[in-house]
Amino acid sequence: MVKKIIILTGASGTGKTTVSHYLTNKYDIPAVITHTTRQQRSGEQDGVDYYFETPASFQLNSYLEQVNYDGHFYGSSIEGIQRAWQKADLVSIVLDTKGAKTYVQHFGQQAVVLFLTLTPAVLQRRLYARGDQRNLIQQRLRSVEFQRDLQVPAALKYVAQVLVNDDWNQLQRQLDAIIKRLQ
Ligand SMILES: Nc1ncnc2c1ncn2[C@@H]1O[C@H](COP(=O)(O)OP(=O)(O)OP(=O)(O)O)[C@@H](O)[C@H]1O
Ligand SMILES: Nc1nc2c(ncn2[C@@H]2O[C@H](COP(=O)(O)O)[C@@H](O)[C@H]2O)c(=O)[nH]1
C-alpha cells in the first residue's frame with residue numbers, strides 16, 4: 001500500500017486531537033508526535049501528546065516545517081513521520097493550516113487533508129470546558145493564527161475535506177467512511 005498521511009487541521013478546539021485519538025484507538029492509525037515550546041496542559045504527557053521543548057532544545061531538532069502559533073514554536077520532523085510510517089502505512093498528524101499547506105506541497109497525493117470546523121459558540125464553550133487557563137484561552141481566541149484557521153485557506157480549498165464537528169456521532173460516521181476508502 002502507498003504510504004499516506006491524514007492531516008487533521010482547523011482552528012484550536014475543533015477536535016483535531018479527539019479525532020486523532022479516535023483513529024488510533026479504532027483503526028490503529030499512529031499519530032505523528034510533534035514538538036512544541038508551549039506549556040504542558042494538565043493530563044498531557046511528554047513523548048505522547050508532544051515532545052515538550054524549551055526554546056533552546058527546540059532549535060536542536062531538524063523540522064520538515066515549523067511555525068509560531070500564538071507565541072509558541074511548533075514543529076514536525078521527517079524522523080517523526082518515518083517513525084509512524086514504520087508502524088503503519090496510514091498515519092495521522094495534527095497541524096495548523098500553515099503546516100497543512102506545507103505538507104500538501106511536500107507529500108502531494110500522499111496527504112489526505114481533513115479540515116475540522118464547528119459552530120463558533122460551541123467551539124468557545126469546548127475550549128473553556130477543556131480546562132485550560134481562562135487568560136490563555138482568551139489570548140488564543142484573539143491570536144491571528146486562531147482567527148486565520150477558522151477558514152479553509154485558499155490553497156487547501158480543493159484539497160481539504162471539510163468536516164463539521166458539532167455532533168460526534170455524525171462526525172464518527174463520516175470518519176469511518178473516509179477510513180474505509182483509504183484502507
Ligand atoms: N464532538 C464533540 N462533542 C463534544 N466535545 C468534543 C467533541 N469533539 C471534541 N470535543 C472536546 O472539545 C475539546 C477540544 O477538542 P480537541 O482538544 O480535540 O481540539 P483540538 O482541535 O485538538 O484543539 P487544539 O488545536 O487546541 O489542540 C476537548 O475537550 C474535546 O474533548
Ligand atoms: N504547523 C504545525 N502545527 C502544529 C504542530 N503541532 C501542533 N500544531 C498546531 O498548533 C496549534 C496549537 O496547538 P495546541 O496543542 O497548543 O492547542 C494547533 O492548531 C495544532 O494543530 C506542528 O508540528 N506543526
Side-chain angles (χ1 to χ4, degrees), residues 5-25 31-53 58 61-81 83-84 91-107 111 113-133 136-141 143-153 155-156 160 163-175:
I5 184 160
I6 298 172
I7 294 156
L8 300 165
T9 192
S12 187
T14 49
K16 304 179 295 294
T17 308
T18 305
V19 169
S20 163
H21 290 163
Y22 175 72
L23 297 180
T24 302
N25 295 336
V32 177
I33 304 168
T34 63
H35 302 250
T36 184
T37 59
R38 83 143 157 78
Q39 211 182 310
Q40 211 163 328
R41 288 184 193 129
S42 123
E44 284 184 329
Q45 286 177 269
D46 186 35
V48 176
D49 299 289
Y50 275 109
Y51 297 111
F52 289 96
E53 309 277 3
F58 185 86
N61 306 301
S62 62
Y63 297 105
L64 169 62
E65 57 80 45
Q66 58 176 287
V67 295
N68 187 316
Y69 187 104
D70 186 21
H72 305 287
F73 294 118
Y74 295 79
S76 55
S77 67
I78 286 278
E79 290 75 17
I81 301 160
R83 260 199 302 277
V91 303
S92 80
I93 190 166
V94 172
L95 296 170
D96 72 348
T97 60
K98 188 173 177 192
K101 285 197 274 184
T102 308
Y103 267 64
V104 168
Q105 280 161 9
H106 188 88
F107 287 111
V113 186
L114 305 182
F115 179 91
L116 287 157
T117 183
L118 73 151
T119 307
V122 182
L123 169 54
Q124 287 211 20
R125 273 206 298 279
R126 284 192 194 160
L127 279 175
Y128 284 104
R130 189 165 66 177
D132 309 347
Q133 285 173 37
L136 294 183
I137 297 171
Q138 281 155 7
Q139 179 186 309
R140 176 157 290 194
L141 291 171
S143 70
V144 281
E145 292 82 14
F146 177 86
Q147 292 297 328
R148 176 201 64 197
D149 288 356
L150 288 168
Q151 286 90 33
V152 185
L156 297 180
L163 300 175
V164 179
N165 183 16
D166 282 340
D167 176 83
W168 177 251
N169 290 330
Q170 198 180 330
L171 177 63
Q172 199 178 311
R173 281 195 291 278
Q174 286 180 283
L175 291 168

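Here the structure is a predicted model, which means the values were calculated and not measured. First listed ligand is number 1; within each ligand, the first listed atom is number 1. Position 1 is the first residue of the sequence; numbering continues from there.
Between G75, S12, G13, it is G75 that holds the heavy atom closest to atom 23 (O) of ligand 2. Counting only non-hydrogen atoms, the option in F146, Y74, F73, Y51 that gets closest to atom 16 (O) of ligand 2 is Y74.
Not a single heavy atom of Y63 lies less than 4.0 angstrom from ligand 2.
One finds the CG atom of L8 at 12.0 Å from the CZ atom of F115 (value rounded to the nearest 0.5 Å). One distance of note links CD1 of I93 with CD1 of I5; it measures 5.0 Å at 0.5 Å rounding.
Judged by distance alone, the side chain of S92 and the main-chain N or O of I6 form no donor-acceptor pair under 3.5 Å. Listed for the D166 side chain is a donor-acceptor partner under 3.5 Å among the backbone atoms of T119. Of the possible donor and acceptor atoms, one in the side chain of K16 sits under 3.5 Å from a partner among the backbone N and O of A11.
For atom 7 (C) of ligand 2, the nearest protein heavy atom (residue, atom name, distance) is Y50 OH, 3.2 Å. Atom 17 (O) of ligand 2 has as its closest protein heavy atom R140 NH1, 2.5 Å. At the top of the distance list for atom 9 (C) of ligand 2, counting protein heavy atoms only, stands D96 N, 3.6 Å. For atom 24 (N) of ligand 2, the nearest non-hydrogen atom of the protein is E65 OE2, 2.8 Å.
In this model, no donor atom of one side chain and acceptor atom of the other lie less than 3.5 Å apart for N165 and T14. A side-chain donor-acceptor contact under 3.5 Å links Y103 and S76.
Under the rule for a ring pair (Phe, Tyr, Trp, His ring centres under 6.0 Å), Y128 has no partner lying at least two apart in sequence or in another chain. Under the rule for a ring pair (Phe, Tyr, Trp, His ring centres under 6.0 Å), the partners of F58 that lie at least two apart in sequence or sit in another chain are Y63, F73.
Surrounding CD of Q138 are more than 12 heavy atoms belonging to other residues, nucleotides or ligands, all under 6.0 Å away.
Contacts classified as salt bridge (Lys or Arg N to Asp or Glu O under 4.0 Å) and involving residues 39-48 (residues at least two apart or in different chains) are given here: R38-E44, R41-E44, R41-D132.
For ligand 2, the atoms lying closer than 4.0 Å to a non-hydrogen atom of G99 are 1 (N). For ligand 2, the atoms lying closer than 4.0 Å to a non-hydrogen atom of V67 are 1 (N), 2 (C), 3 (N). Every atom of ligand 2 is numbered from 1 in the order shown, and the set under 4.0 Å from a heavy atom of R38 is 14 (P), 15 (O), 16 (O). Interface of T34 with ligand 2, defined as ligand atoms under 4.0 Å from a residue heavy atom, comprises 5 (C), 6 (N), 7 (C), 23 (O). Residue contact check: S76 has heavy atoms under 4.0 Å from atoms 23 (O) of ligand 2.
With a heavy-atom cut-off of 4.0 Å, K16 touches ligand 2 through its side chain alone.
For ligand 2, none of its N or O atoms has an N or O atom of Y69 under 3.5 Å away. Checked against a 3.5 angstrom limit, the closest N/O atoms of R41 and ligand 2 fall inside it.
Ligand 1 lies under 4.0 Å from heavy atoms of A11, S12, G13, T14, G15, K16, T17, T18, R41, R126, R130, R140, N165, W168.
In terms of heavy atoms, T97 sits closest to R148 at OG1-NE, 3.4 Å. The shortest heavy-atom contact between G13 and L118 is O-CD2, 4.1 Å.
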